[in-house]
Colleague: 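Just passing along the structure, written as structure tokens.
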Amino acid sequence: MTLKVFLLLSYLIVLIGLSVLARRKIPQTPEGYFLANRSLGLLVLFFSLVATNFSAFFFLGFAGAAWKTGFGQYGIMGVGTALVPLAFYLIGRPVWRLGKQKGYLTAPELIGGEFNSRFLRWLVMVVMVVFTLPYLLTQAIGAGILLSSLFNVDLLRAGGAATILAIGATVVFGGMKASAWTDVLQGFLMIVAMILAVVFVSAGLGGWQSAGETAFLASPQHFTRPGPDQFFQMTTWFSYLLLWTFVNPLFPQVFSRFYAAKTLDSLKKVTWLYPLLVSFLFLAPVTIGVWARGTSLSVSNPDMILPAMVLSYAPEWVYVFVIIGAMAALMSTADSQLLALATMFSHDFGIARNSTRAGRWLALGLCVLIALFLLSGLDPQIPIFTLLTQTTFAGLIALTPATLAALYFPQVHKIAPILSIIIGEVMVILLRTKIIPTLGFVDGIVVLVAASLTLLVVHRIEAALRRVAPLRG
């Protein structure tokens with residue numbers, strides 16, 4: 001117990017120290033606080049994007065999904081996420097340029113500004129806030145799972161609530177510079193932790209080959225497609241490859257990193273460094289999840305499988321380090337999400353636009369609401385993978401057509417992106433209530449198609465009406 005408390009407290013103290021140091025290094029102006037004066041170099045930008053993206057899902061949801069459905073998860077996650085930098089380049093490059101030229105700080109400001117529409121700006125902000133909240137909630141759930149496992153006490157609700165409140169406090173105190181600096185530490189910790197996890201669990205199971213053979217004998221369908229319960233159909237593969245590519249840049253915390261890059265060259269280099277790391281590192285949680293099929297472990301929640309495997313088959317110090325690495329993953333994601341939300345509250349909501357204070361306190365208020373929601377009776381047994389796929393990913397991908405139009409076709413009339421977003425979000429509701437079928441695709445792909453077709457059709461109709469109007473005159 002002493003080792004656990006010592007290492008956890010040491011980690012938290014170092015984070016606080018970095019936040020204090022970063023706060024002194026950056027002016028407390030909106031651009032300084034929210035975007036670190038657009039000064040993130042290659043190393044900090046790379047680790048910041050890695051830490052921001054590798055959330056509780058990376059350590060918990062990913063291994064849990066592999067435990068349920070098999071090695072196919074690496075195909076749709078490892079390969080799919082490795083394609084994300086294509087969208088980083090497609091979206092991030094023009095976002096960086098427009099941010100430099102016009103001083104944009106947020107995604108709603110850019111999309112609304114390029115179409116000269118205050119309503120569109122507010123609409124994008126509302127969508128981003130609403131659908132980022134489930135993602136924040138999963139970080140709190142993940143923290144509760146990890147702390148419960150670490151201390152062998154039920155801290156699912158209390159631990160999750162305390163963690164999200166602590167993260168909110170650091171956001172109020174720090175800013176983008178603090179978030180980016182701590183991301184370097186947390187990114188390093190989570191990478192080392194995952195490598196240690198797979199190495200020591202493998203050793204505890206008798207080696208990589210032995211672990212794989214035992215799991216294969218216990219459940220050969222976990223090594224083949226379509227896997228258990230026929231999960232990996234072709235529509236599923238296609239859905240996730242497309243989903244990760246186009247939804248990831250629309251996460252508010254990722255979009256803000258595009259603005260914060262010091263140079264366009266740094267952003268370009270990240271686009272090839274990122275897939276190199278992802279394609280290697282994402283194999284680890286999938287492998288551990290599948291190996292668990294060859295053991296006698298039984299868990300009520302699939303998200304518990306990776307902590308349970310490390311606890312059972314690795315030394316205690318490795319287990320504690322892995323838990324801290326997992327905490328680093330979810331805390332880095334959560335603080336970046338809260339910072340992005342604070343930026344939107346301050347800059348897009350119309351409250352004290354030249355100040356950072358209002359946004360910070362509104363973001364902390366969201367943390368309080370999430371903590372109360374978690375304490376009041378949320379069912380934490382919903383797998384993280386399922387929760388995010390059905391909420392955050394489906395809701396945010398509806399913004400993709402409007403974003404691409406703003407970046408490459410700003411001559412499109414503003415009514416087209418407005419209706420594309422509205423129709424996309426209506427589709428999210430219809431899919432969740434099962435009023436319309438998914439036809440085997442993930443919800444987000446149906447939403448993306450509906451939003452894209454809406455934008456294209458409305459643009460064509462509006463352009464045709466404009467051509468007809470002079471003739472009538």
Colleague: Is S239 reaching over with its side chain to a backbone N or O of T235, donor-acceptor style, under 3.5 angstrom?
Modeller: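 Yes: the side chain of S239 pairs with the backbone of T235.
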Colleague: Should T263 and S266 be marked as a side chain to side chain contact (heavy atoms under 4.5 Å, CB included) after you check the CA-CA gap, both sets of side-chain angles, and the distance that decides it?
Modeller: CA-CA 5 Å; T263 65; S266 297; 3.0 Å; yes
Colleague: Report yes or no: does S219 contribute a side-chain atom to a donor-acceptor pair with the main-chain N or O of A215 at less than 3.5 Å?
Modeller: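 Checked: no pair found.
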Colleague: Would you mind checking if K68 and D303 are paired as a salt bridge, meaning a charged N to carboxylate O distance below 4.0 Å?
Modeller: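 Answer for the salt bridge query: no.
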Colleague: Taking the side chain as everything from C-beta on, heavy atoms only, tell me whether L366 gets closer than 4.5 Å to F345.
Modeller: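 Side-chain contact under 4.5 Å: yes.
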Colleague: Going by distance alone, is a donor N or O of one side chain under 3.5 Å from an acceptor N or O of the other, for S336 and R257?
Modeller: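 The criterion, which ignores hydrogens and geometry beyond distance, is satisfied for R257 and S336.
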Colleague: Can you confirm whether L42 sits close enough to L273 that some side-chain heavy atom of one is under 4.5 Å from a side-chain heavy atom of the other?
Modeller: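 Yes. Closest side-chain heavy atoms under 4.5 Å.
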Colleague: With side chain to side chain contact (heavy atoms under 4.5 Å, CB included) as the criterion, how do L90 and L404 come out once you've worked through the C-alpha distance, each side chain's angles and the decisive distance to 0.1 Å?
Modeller: CA-CA 9 Å; L90 184 67; L404 292 173; 4.0 Å; yes
Colleague: So do the side chains of L338 and L136 get within less than 4.5 Å of each other, counting heavy atoms only?
Modeller: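 When only atoms from C-beta onward are counted, L136 and L338 do touch, with a gap below 4.5 Å.
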Colleague: For the residue pair L243 and F238, establish whether any side-chain heavy-atom pair is separated by less than 4.5 Å.
Modeller: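 Answer no - side chains too far apart.
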Colleague: Does R293 reach the main-chain N or O of W67 with its side chain, forming a donor-acceptor pair under 3.5 Å?
Modeller: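 Looks like yes, one N/O pair under 3.5 Å.
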Colleague: Suppose we call two aromatic rings close when their centres sit under 6.0 Å apart. Are W96 and Y89 close by that rule?
Modeller: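 Judged by ring-centre distance (under 6.0 Å), W96 and Y89 do not meet the cut-off.
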Colleague: If we ignore angles and hydrogens, is there a donor and acceptor under 3.5 Å between the side chains of Q253 and Y135?
Modeller: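 No - no donor-acceptor pair under 3.5 Å links their side chains.
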Colleague: Tell me if a side-chain donor or acceptor on Y274 pairs with a main-chain N or O of F46 at a distance below 3.5 Å.
Modeller: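 No.
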Colleague: Step through it carefully: locate the ring centre of F131, locate the ring centre of F393, and say whether they are under 6.0 Å apart.
Modeller: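 Ring centroids of F131 and F393 are no less than 6.0 Å from each other.
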Colleague: Go through the steps to decide whether W317 and F200 satisfy the test side chain to side chain contact (heavy atoms under 4.5 Å, CB included), and finish with yes or no.
Modeller: CA-CA 11 Å; W317 71 267; F200 278 93; 3.9 Å; yes
Colleague: Is there a donor-acceptor contact under 3.5 Å from the side chain of T433 to the main chain of L430?
Modeller: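 Indeed, once roles are kept as given, a pair shorter than 3.5 Å links the two residues.
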Colleague: Identify the two heavy atoms, one from A87 and one from T245, that lie closest to each other, and give their separation to 0.1 Å.
Modeller: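 That closest heavy-atom pairing would be CB-O, 2.9 Å.
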Colleague: Taking S332 for its side chain and D183 for its backbone only, find out whether a donor-acceptor pair lies under 3.5 Å.
Modeller: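 Looks like no, no N/O pair under 3.5 Å.
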Colleague: Between S148 (side chain only) and L155 (backbone N and O only), is there a donor and an acceptor less than 3.5 Å apart?
Modeller: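 Yes, S148 side chain to L155 backbone: donor-acceptor pair under 3.5 Å.
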Colleague: Do W237 side-chain atoms and G75 backbone N/O form a donor-acceptor pair below 3.5 Å?
Modeller: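 No, because the side chain of W237 does not come within donor-acceptor range (under 3.5 Å) of the backbone of G75.
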Colleague: Hey, is CZ on F409 packed in by over 12 heavy atoms from elsewhere, all under 6.0 Å?
Modeller: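 No - once you tally the heavy atoms of other residues, nucleotides and ligands closer than 6.0 Å, there are 12 at most.
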Colleague: Under the 3.5 angstrom rule, does the side chain of R225 hit a backbone N or O of F232 as a donor-acceptor pair?
Modeller: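 Yes, R225 side chain to F232 backbone: donor-acceptor pair under 3.5 Å.
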Colleague: Side-chain donor-acceptor pair under 3.5 Å between Q73 and T69, yes or no?
Modeller: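 Present: a donor and an acceptor within the cut-off.
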Colleague: List the atom of T295, the atom of L205, and the distance in Å for their closest heavy-atom pair.
Modeller: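 Reported closest heavy-atom pair: CG2-CD2, 3.8 Å.
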Colleague: Take M427 and I436, measure what side chain to side chain contact (heavy atoms under 4.5 Å, CB included) needs, and give me the verdict at the end.
Modeller: CA-CA 8 Å; M427 290 295 292; I436 60 173; 3.0 Å; yes
Colleague: Supply the atom-to-atom distance M331 CE to Q186 CD, rounded to the nearest 0.5 angstrom.
Modeller: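 It comes to 6.0 Å.
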Colleague: On a heavy-atom basis, which atom in V299 and which in A308 lie closest, and how many Å separate them?
Modeller: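 Residues V299 and A308, closest heavy atoms: CG1-CB, 4.3 Å.
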Colleague: Side chains of Q337 and P252, heavy atoms from C-beta outward: is any pair under 4.5 Å?
Modeller: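 No, every pair of side-chain atoms sits at 4.5 Å or beyond.
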Colleague: Is L267 close to L45 at the side-chain level, that is, under 4.5 Å between some pair of heavy atoms?
Modeller: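 Side-chain contact under 4.5 Å: yes.
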Colleague: Output the distance between atom CG (L242) and atom CD1 (I76), rounded to the nearest 0.5 Å.
Modeller: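 So the CG of L242 and the CD1 of I76 are separated by 13.0 Å.
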Colleague: Please determine whether the number of non-hydrogen atoms from other residues, nucleotides or ligands lying under 6.0 Å from atom CZ of F188 exceeds 12.
Modeller: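 Incorrect, the count does not exceed 12.
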Colleague: Could you tell me if the side chain of L339 sits less than 4.5 Å from the side chain of S256, heavy atoms only?
Modeller: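 Answer no - side chains too far apart.
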Colleague: Among F282, F47, F59, whose ring pair (Phe, Tyr, Trp, His ring centres under 6.0 Å) with F54 holds?
Modeller: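 When ring pair (Phe, Tyr, Trp, His ring centres under 6.0 Å) is applied between F54 and each of F282, F47, F59, only F282 qualifies.
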Colleague: Measure across A402 and P417 and return the closest heavy-atom pair with its distance rounded to 0.1 Å.
Modeller: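 Heavy atoms only, the tightest pair is CB-CB, 3.7 Å.
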Colleague: Taking T214 for the side chain and A211 for the main chain, is one N or O donor matched with an acceptor at less than 3.5 Å?
Modeller: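 Pair absent, no side-chain N/O of T214 close to backbone of A211.
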Colleague: State, with a plain yes or no, whether a side-chain heavy atom of L330 is found less than 4.5 Å away from one of L146.
Modeller: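 Contact flag for L330/L146 side chains = yes.
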Colleague: Just checking, any donor-acceptor pair under 3.5 angstrom between side chains of Y319 and S149?
Modeller: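 Yes, side-chain donor-acceptor contact under 3.5 Å.
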